[in-house]
Amino acid sequence: MTLHHDSKSSPQFPSPPSLSPQQIALISEAAVQYAETHGLLMNTKVPPSEHSTPKNSDPHAAQSQQLSHVPLVLTPTLFPSSEFHRLKSIAPLFSLVVDRMSRDAEFLLGELKEVLKVDEFTRRIADIYREVYCTQVTDSDQDDNGPETKKEHLEFLPPNKDTQLLAMGIHRSDYMLHGTSKPLQVELNTISSAFAALSQITQQLHTFVVNRFDRFIRENLPKNSKLEVNNSKDEVVHLMKEAFEAWEEQKREGNVLGRSHMAVLFIVQPGEGNFADQKHIEFDLYERYCMKCVRASLGEIHERAYLDEYHNLVYNDVHTGMEYLIPVAYYRAGYTPTDYPTQKQWEARKRIEESSAIKCPTTGYQLVGTKYIQYVMTRPGVLERYISKKESDELRSVFTGIYSMHDKEAVQRAIENPHLFLGKPQREGGGNLIYGENLRTILKEMPDEVRDGYILMDRIVPSGQENIFCRRKQTVVTTGVSELGTYCLFVGDASRDKDIVNNRYGGYLLRTKPKDVEDGGVASGVASMDSLVLV
C-alpha cells in the first residue's frame, strides 16, 4: 500500500476564524489564566540560556524545570464529523485485538522472534511475559495407522494459580488526516497513554474561550459546526474504579481488609514533568470513590514492595508509615530502557507482573504495542484471529502502509523517495522518527542483522490549518497539523467474553504542532494541546 500525496480532490475545510493581534492578545491572556487556575500545567525544561546568570552561562549546564501552563492552541481545530464518529466506533475493537493477541502466546512471541534477537529491551519484557504467563504444553497426535507423535507449543497458561488474568487497558489509537478527510493510524499506544486529564481540561478551556469571545470566534465558525465534548479524564477515573472493584470481587471471600488499607499504585518516572495529568486522576479517584493512590518508581517498588502468601502486592509507603494492598498497578513509566537503569528495576517489574494486581498494562499488552506488531496487524488474516472479518475490515480502513525493513521493494522506494516514508524503532515516546535524507542514509547502510528492530511506514501528509499556538504566554500564528488519539478503555479477559468488565471508547486527545516540525510531543514543547470542532 502506497499513499497518494495529491489531495486536490479532497474536500477542503472552511478557514478557521481569523483574529486580529488585539483579539489574539485578549484570548491568550484569558486562556493562560484559565489554564493556570484549572491545573492545565506541567514542568517544562528550560534551556540554560533562559535561567543562567553572567557567572553561570555555561552552555552545557543542566536544564532546570519550570512550572508553566501546557503549550496550547488558543482555538479548537476543525475535523470531519463523520470520520471522528467512525474512529470512536472502532476504538473497542482495538482493545479486543490487544487483549486477545496478548493471550495468544505462541503467535505473539513467534512473530517477535527476530525482533527479540536485536532489541534487548523488548526481549526482557518478553522474558517476563514468558516466565509469568506461559507454559510449554505437549500435545499427542496419532494417525489411524501411524505412530504417536508429540508436538510442543507455548500456551497462555500461568504456572502460578494466583497470577492475575484480568487486565486493564488504557490504549490510545493515534491518527493523522491524510489530506483533509482521510484519517490514518500513526500508532497504537498500549502503555502510559498520557494526557487524558489535561485533554479534558483543554476542551473545557476551549468551550470557555469560544463562549466568552463568541462575537469574533463562534460567529465565524462554519455553520452547523460543533465543539466535541471530551470526558477522557472522567472515563479513565471510572475505568480504574471498575478495575478496583473487579479485584475486590475476586478477593471477596478471603479479603478481610477494607479500602483504607488498599491503594492504586502509580508507577512513575523520577522527576516527572507531566505530573498534573497524573495528579488530576489521583485526586479524582479519592474525591469521587475514596480510592487512595501511592506513587513510586520501579526502583522504589523494588525496595518497598513484596508479595504476600496469596501473591497480593503489598507496598510499604514510607511517607505515611502504612502498608497498602495494591489492587491496580498503573504504569506511567516502564516503556523506555532508561526506566530500567539496573537489574533492580527489572526485578520490580517482574514482581508486579507476578502479583494479583490488575496491571495497566500487562507485559503482553506492551508487546502487542510494539511497532513490529503494528506491522504484523496489517498482514492478511491476522486480525481475523481475534475479531470478525467485518470488524477486521473496519480496522484495516485506517491502516497506512507499513513494511518490514526486509521488504527490498519498499526499502528501495524509500531510498528513492525518502520524503514519502518514515522509519520507526521499537520505542515509545517522541523524538524517535527517522525521515528525510537521514532515512535514505540509514536504509543504505543498515546491516541486515539490525533491520528487525525497525519498521518502515508510508508518510501521512495532512493539509494543515491555521492555528494560534501559545507557549509560555507567547503566541505564534502559523499552519499546524494535528494528531488525534482516541482512548480505548478495557477491563477484563477477552478470551472469555463473560469476563469482559467493560470495553468502550473513552474520550480523545488532540495535539497540534507547526507543520514544518517533524517530530516531538507536548512534553518537549513541540506540540500543543488542542480540541475538536466537528464539521
Side-chain angles (χ1 to χ4, degrees), residues 164-171 190-198 200 232-252 255 257-270 272 274-298 300-302 304-308 310-335 339 348-349 351-363 365-366 487 489-492 501-502 506:
Q164 179 61 255
L165 292 178
L166 297 184
M168 182 169 81
I170 302 175
H171 314 308
T190 60
I191 182 170
S192 188
S193 301
F195 292 112
L198 298 191
Q200 178 171 322
S232 47
K233 171 175 67 72
D234 296 342
E235 291 283 358
V236 166
V237 169
H238 189 69
L239 185 80
M240 290 189 175
K241 168 185 173 282
E242 292 173 318
F244 197 102
E245 291 176 342
W247 187 90
E248 284 182 309
E249 180 62 24
Q250 286 181 335
K251 302 291 180 176
R252 182 169 53 84
N255 179 33
L257 298 176
R259 281 197 177 181
S260 62
H261 296 273
M262 302 180 199
V264 176
L265 176 62
F266 280 50
I267 299 110
V268 299
Q269 295 171 328
E272 173 64 65
N274 191 20
F275 74 97
D277 185 56
Q278 301 170 14
K279 283 293 184 178
H280 282 297
I281 295 171
E282 176 185 334
F283 296 154
D284 272 17
L285 282 170
Y286 189 77
E287 290 173 354
R288 295 185 187 189
Y289 306 119
C290 290
M291 290 168 54
K292 296 179 181 178
C293 299
V294 290
R295 297 166 59 84
S297 67
L298 285 167
E300 290 169 328
I301 291 166
H302 180 269
R304 303 172 189 167
Y306 65 92
L307 302 181
D308 70 11
Y310 304 107
H311 270 234
N312 297 319
L313 185 65
V314 181
Y315 182 75
N316 178 17
D317 185 6
V318 297
H319 302 294
T320 63
M322 291 187 63
E323 286 193 340
Y324 292 104
L325 275 176
I326 305 298
V328 176
Y330 172 49
Y331 283 89
R332 293 297 292 261
Y335 54 85
D339 289 333
R349 181 69 189 266
R351 191 176 306 164
I352 297 167
E353 207 72 13
E354 290 175 323
S355 76
S356 70
I358 296 176
K359 272 74 71 176
C360 181
T362 63
T363 47
Y365 278 19
Q366 188 169 350
Y487 290 100
L489 306 185
F490 181 89
V491 175
V501 177
N502 214 320

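Side chains included, hydrogens not; waters and symmetry mates left out as well; all remaining heavy atoms used. What you see is a predicted model; the values in this text were computed from it and never measured.
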Can you check whether [X] reaches [Y] side chain to side chain, under 4.5 Å on heavy atoms?
{"X": "Val236", "Y": "Ile170", "answer": "yes"}
{"X": "Arg332", "Y": "Asn274", "answer": "yes"}
{"X": "Met168", "Y": "Glu242", "answer": "no"}
{"X": "Ile326", "Y": "Val294", "answer": "yes"}
{"X": "Val264", "Y": "Lys292", "answer": "no"}
{"X": "Lys251", "Y": "Asn312", "answer": "yes"}
{"X": "His280", "Y": "Gln200", "answer": "no"}
{"X": "Val501", "Y": "Phe490", "answer": "no"}

Kindly write out the residues that satisfy salt bridge (charged side-chain N to carboxylate O under 4.0 Å, His left out) with [X], not counting sequence neighbours, or none if the list is empty.
{"X": "Glu323", "answer": "none"}
{"X": "Lys233", "answer": "Asp284"}
{"X": "Glu272", "answer": "none"}

How many angstroms lie between [atom1] in [X] and [atom2] in [Y], if you round to the nearest 0.5 Å?
{"X": "Lys241", "Y": "Tyr289", "atom1": "NZ", "atom2": "OH", "value": "5.5 Å"}
{"X": "Ile358", "Y": "Met240", "atom1": "CD1", "atom2": "CE", "value": "12.0 Å"}
{"X": "Tyr331", "Y": "Asp339", "atom1": "OH", "atom2": "CG", "value": "10.5 Å"}
{"X": "Phe283", "Y": "Cys293", "atom1": "CZ", "atom2": "SG", "value": "9.5 Å"}
{"X": "Glu248", "Y": "Leu325", "atom1": "CD", "atom2": "CG", "value": "10.5 Å"}
{"X": "Cys360", "Y": "Leu239", "atom1": "SG", "atom2": "CG", "value": "7.0 Å"}

Assert yes or no for the condition that the ring centre distance of Tyr330 to Phe266 is strictly below 6.0 Å.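 Here the rings of Phe266 and Tyr330 have centres that are less than 6.0 Å from each other.
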
Shortest non-hydrogen contact between [X] and [Y], atoms and distance:
{"X": "Asp277", "Y": "Ala197", "value": "OD1-N, 3.0 Å"}
{"X": "Ala196", "Y": "Ser232", "value": "O-OG, 2.6 Å"}
{"X": "Tyr487", "Y": "Ala194", "value": "OH-O, 2.6 Å"}

Thr190-Gln366 side chain donor-acceptor pair, cut-off 3.5 Å: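 On atom types as modelled, these side chains do not qualify, holding no pair under 3.5 Å.
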
Would you confirm whether [X], through its side chain, and [Y], through its main-chain N or O, come within 3.5 Å as a donor-acceptor pair?
{"X": "Trp247", "Y": "Ser356", "value": "yes"}
{"X": "Tyr335", "Y": "Ser192", "value": "no"}
{"X": "Asp317", "Y": "Gly321", "value": "no"}
{"X": "Arg351", "Y": "Ala305", "value": "yes"}
{"X": "Glu353", "Y": "Thr363", "value": "yes"}

Please evaluate residues Arg295 and Lys279 with respect to the criterion side chain to side chain contact (heavy atoms under 4.5 Å, CB included), reporting the C-alpha separation (whole Å), side-chain torsions for both, the decisive distance (0.1 Å), and the verdict. CA-CA 10 Å; Arg295 297 166 59 84; Lys279 283 293 184 178; 3.6 Å; yes

State which residues pass ring-ring contact (aromatic ring centres under 6.0 Å, His included) with Phe275; sequence neighbours excluded, sorted by chain then number.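 Once residues adjacent in sequence are excluded, Phe275 has no partner under the ring-ring contact (aromatic ring centres under 6.0 Å, His included) criterion.
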
Please enumerate all residues that pass ring-ring contact (aromatic ring centres under 6.0 Å, His included) together with Tyr365, with sequence neighbours excluded.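 In terms of ring-ring contact (aromatic ring centres under 6.0 Å, His included), with neighbours along the sequence ignored, Tyr365 is linked to His171.
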
Salt bridge or not between Asp234 and Arg288? Use side-chain N to carboxylate O under 4.0 Å.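 Salt bridge present between Asp234 and Arg288.
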
Of Gln250, His311, Glu354, which meets side chain to side chain contact (heavy atoms under 4.5 Å, CB included) against Gln164?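 Among Gln250, His311, Glu354, the one that satisfies the side chain to side chain contact (heavy atoms under 4.5 Å, CB included) with Gln164 is Gln250.
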
Step-by-step side chain to side chain contact (heavy atoms under 4.5 Å, CB included) determination, Leu265 to Val328: CA-CA 6 Å; Leu265 176 62; Val328 176; over 6 Å; no

Begin with the C-alpha distance, continue with both residues' side-chain angles, and end with the deciding distance and a verdict on side chain to side chain contact (heavy atoms under 4.5 Å, CB included) for Asn502 and Leu489. CA-CA 8 Å; Asn502 214 320; Leu489 306 185; over 6 Å; no

Tell me every residue that passes side chain to side chain contact (heavy atoms under 4.5 Å, CB included) with Ser355, counting only those two or more places apart in sequence or in another chain.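 Only Leu307, Leu313, Ala357, Lys359 meet the side chain to side chain contact (heavy atoms under 4.5 Å, CB included) criterion with Ser355.
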
